[in-house]
Protein chains: 2
Amino acid sequence: MKQITIKDVAEAAGVSKATASRVLSGHPATSQEARKAVEAAAGRLGFRPNAQARSLRKTRTQTIGLLLPDVRNPFFGDLAHAVEQRARSFGYMTLFGNANENVEQQDEYIDVMLSQRVDGVIAAPQGDGGNLDQLLRSGVPVVFVDRVLDTMEVPSVSPDNSTGIHDAVKHLTARGHRRIGYIAGPQSTSTGRERLRSYKEALAATGADTDAELIFLGDFQAASGAEGARTLLDLPNPPTALLAADSLMSIGAVGVCNERGIAIGADLAFVAHDDIDAFNLINPPLTVIAHDIDAMGRLAVDMLMSVIGGGSPASNTIAGRLIVRGSTPEFEKERQS
Amino acid sequence: MKQITIKDVAEAAGVSKATASRVLSGHPATSQEARKAVEAAAGRLGFRPNAQARSLRKTRTQTIGLLLPDVRNPFFGDLAHAVEQRARSFGYMTLFGNANENVEQQDEYIDVMLSQRVDGVIAAPQGDGGNLDQLLRSGVPVVFVDRVLDTMEVPSVSPDNSTGIHDAVKHLTARGHRRIGYIAGPQSTSTGRERLRSYKEALAATGADTDAELIFLGDFQAASGAEGARTLLDLPNPPTALLAADSLMSIGAVGVCNERGIAIGADLAFVAHDDIDAFNLINPPLTVIAHDIDAMGRLAVDMLMSVIGGGSPASNTIAGRLIVRGSTPEFEKERQS
DNA sequence: CGATTCCATGGAATCGATTCCACGAGTATG
DNA sequence: CATACTCGTGGAATCGATTCCATGGAATCG
């Protein structure tokens, strides 16, 4: 199957390659007839410009890279969707890289993206060093999303990891909870670290119990949420409320409660992160700390466009807010005695 | 920021561009010294070959396109992950295109993928005609996944849309259900059509009620699942069991039951499609019709590699099996009276 | 020992689109 | 009426890597 090139179009239209190119890329200096002839020929032949050749000559590829830890995580799925739609509206393609929560795969994708000469990268980075350094030193515009690296000065859009958690802890203590278990995210990510810090601060501020055993360190995956729930519920003096640092771990933790016949909203209060569709499944509905994921994605793209255009946008945080639902009722003191 | 090219590497190593290229692409006819010098220079300079230039000269891009209706659908999220990981193992990048359940966006992405000269495309197509025709006529290897188009002769890997549904209906009737509501997928997709047909066949085979009003046509999105549940439950003679054609519509439908205080597994039997993680949230656990999504993704990639290699693999179906859990208990006849 | 093969190598062509430059025709200006 | 200017156009250079082809030196064979 021979690909048709601009040369074929030019010949069919009876003009030169240069003129054909000018018509097809909307250059103003073209005559009415040339335009008509070339457009007709291109349509008739089904001409489709070779993006490789074009990108080689121009230095732009109209492509951005999006580097995420895992698309199967609903949070990142939604984020990917938001980024992709926004990028599309700017005429950019999105090249997804799924690091699979794995630094080596992340390095590999950074490599590919640099080779593909993407015009910019939006990344939720994990670890530091490796090819991440090279990416930043390469001069390719980069915006971090959801997670940041303290060691690197890069514009970012990240969730507010403080307000929501403070509000959640305040809410729980106001309802009589003193033992609030926390299923934390990995401490190798800024989001994991900040949320854990906020939880500790909030405990201190409200006077709730601060035993170290109330904290379980997970990895943002469902299995670790399940393990966390088991560990915390098996404590000699178990928590009466659980707070989980992301949606997948919440899914795992709720699954364990279901297995054990622990009724969320009655036997145990539960606060999750992220207000994802799937939480519709649970009854009573979950109290969550929600961030506007769509806004995060859009903002990340807008900032990247600004960087590509030579700007240096300031970093942003996306507000987190507590949405109180049925999973965090009043705690009945008498259960303890 | 000047990009370093193979010319720079060649000069630094004291050899010609041709030799440098040979060393870097592992051509056998290279001397020990040349190899050492070039590799050292490439490493020192941090050389990263320009993928555009390479693809232009070779005719291969080592990239496949993956065209899906919506990554936010857990089914397609899992599928995307499976495809991407498998493609990676063959040394291929995956270019995602999110059609957003929208034929125009699908057309746009087909356009981009053809321009990018992807080596092959894996697609879950919607509608027919449009650029889909052009894609197939272009000679680019294509494999359909999850959905097929009858009008087009293309290797595909699709779920078995019959066995699981027959088993589910048999299971429900055996437990005393005669009125089984069905929330169908869009009839513009083969999966939607086949599952509806299987449902009708199964009703006929088991002697369950076959009122047309027991069928609600949804669109594979959560909102339509909710609407379907409302419509069916509001019937004068409502179903005692619900069957939904995908996971998102199940999420929507279950949400409505929760709102209305209808206890799934007690007041209403429920069978969902796809055994996704998020279903852990619900208690009692859902009876589902499950397909091995990972296997589907892997197989699609393997078949595409075969087509790229000049083969013409036969189409495959992935078995669907009923996994019985707590959401489909015995139906208590006396409730009806 | 002369003829042939083999191998590493560099120069040049190549992939397909864009763009610089030069040119001629037509129009406006002094 | 001559000069300057604009405008559409085609030829040729260009982007960066790969690959064909020719070359010279070393190795092999009769």
Side-chain angles (χ1 to χ4, degrees), chain A residues 1-39 41-42 45-63 111-112 114-119 138 140, chain B residues 1-39 41-42 45-63 111-112 114-119 138 140:
Chain A
M1 191 81 184
K2 194 195 160 287
Q3 291 284 357
I4 38 169
T5 71
I6 200 167
K7 187 154 166 267
D8 303 320
V9 174
E11 279 168 11
V15 298
S16 71
K17 277 176 20 179
T19 301
S21 169
R22 273 186 281 257
V23 169
L24 294 170
S25 52
H27 190 97
T30 49
S31 68
Q32 184 76 38
E33 312 111 72
R35 247 172 292 155
K36 274 218 320 233
V38 170
E39 270 156 18
L45 298 174
F47 171 66
R48 225 173 276 274
N50 183 318
Q52 266 75 37
R54 166 179 291 168
S55 306
L56 181 59
R57 184 61 235 257
K58 312 219 201 197
T59 31
R60 309 185 126 228
T61 52
Q62 294 294 313
T63 301
D111 214 77
V112 173
L114 286 173
S115 275
Q116 293 287 342
R117 301 293 192 268
V118 293
D119 293 341
S138 73
V140 174
Chain B
M1 192 79 183
K2 193 194 160 289
Q3 291 282 357
I4 38 169
T5 73
I6 200 168
K7 188 155 164 267
D8 302 320
V9 174
E11 279 169 11
V15 298
S16 71
K17 275 174 24 178
T19 301
S21 170
R22 274 186 282 256
V23 169
L24 294 170
S25 53
H27 191 97
T30 49
S31 69
Q32 184 75 38
E33 313 110 74
R35 246 172 292 155
K36 272 215 325 231
V38 170
E39 270 156 17
L45 297 174
F47 171 67
R48 223 173 280 270
N50 183 318
Q52 265 75 37
R54 165 179 291 165
S55 306
L56 180 59
R57 184 63 233 258
K58 314 219 204 198
T59 32
R60 310 186 123 228
T61 52
Q62 294 294 313
T63 301
D111 213 78
V112 172
L114 286 173
S115 274
Q116 292 288 340
R117 301 293 192 265
V118 294
D119 293 340
S138 74
V140 173

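Since the structure is predicted, the reported quantities are computational estimates derived from the model, not experimental observations. Convention: sequence-line order gives letters A, B, ...; per-chain numbering from 1.
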Notebook entry, point to check: Which atoms form the tightest heavy-atom contact between Leu24(A) and Phe47(A), and what is the distance?
Noted result: CD1-CE2, 3.5 Å
Check: How about Gln116(A) and Gln52(B): do any of their side-chain heavy atoms sit closer than 4.5 Å?
Finding: yes
Check: Base, sugar-phosphate alone, or nothing: which one does Ala34(B) contact when heavy atoms must sit under 4.0 Å apart?
Finding: sugar-phosphate
Next item on the list: Compare all side-chain heavy atoms of Val9(B) with those of Val38(B) and state whether any distance is below 4.5 angstrom.
Entry: yes
Check: Has the side chain of Arg22(A) got a donor or acceptor that lies under 3.5 Å from a partner of the other kind on the base of dG10(D)?
Finding: yes
Next item on the list: Measure the angle between the two terminal helix axes of the helix from dC1(C)-dG30(D) to dG30(C)-dC1(D), five base pairs each, and quote it to 10°.
Entry: 40°
Next item on the list: Could you tell me from which nucleotide to which nucleotide of DNA chain C, 5' to 3', there is an atom under 4.0 Å from chain B heavy atoms?
Entry: dA8(C) to dG16(C)
Checklist line | Residue mapping more 5' on DNA chain D - nearest nucleotide basis, Leu56(B) or Ala18(B) | finding: Leu56(B)
Notebook entry, point to check: How far does OG1 of Thr19(A) sit from NE2 of His27(A), to the nearest 0.5 angstrom?
Noted result: 10.0 Å
Notebook entry, point to check: Judged by modelled atom types alone, do Arg22(B) and Thr30(B) share a side-chain donor-acceptor pair under 3.5 Å?
Noted result: no
Notebook entry, point to check: For Val118(B), does its backbone N or O pair with a side-chain atom of Thr63(B) as donor and acceptor, under 3.5 Å?
Noted result: no
Next item on the list: With DNA chain C as reference, determine whether Ile6(A) or Gly14(B) sits nearer its 5' end, using the nearest nucleotide of each.
Entry: Gly14(B)
Next item on the list: Between Arg117(B) and Thr19(B), just flag the one whose closest nucleotide in DNA chain C comes earlier from the 5' side.
Entry: Thr19(B)
Note to self: For the CG atom of Asn50(A) and the CZ atom of Arg117(B), what is their distance to the nearest 0.5 Å?
What the structure shows: 4.5 Å
Margin query: Tell me the closest heavy-atom pair linking Ala20(B) and Ala10(B), and the distance in Å.
Written below: CB-CB, 4.0 Å
Next item on the list: Have a look at Ser21(A) and say if it touches a base, only the backbone sugar-phosphate, or nothing, with a 4.0 Å heavy-atom cut-off.
Entry: base
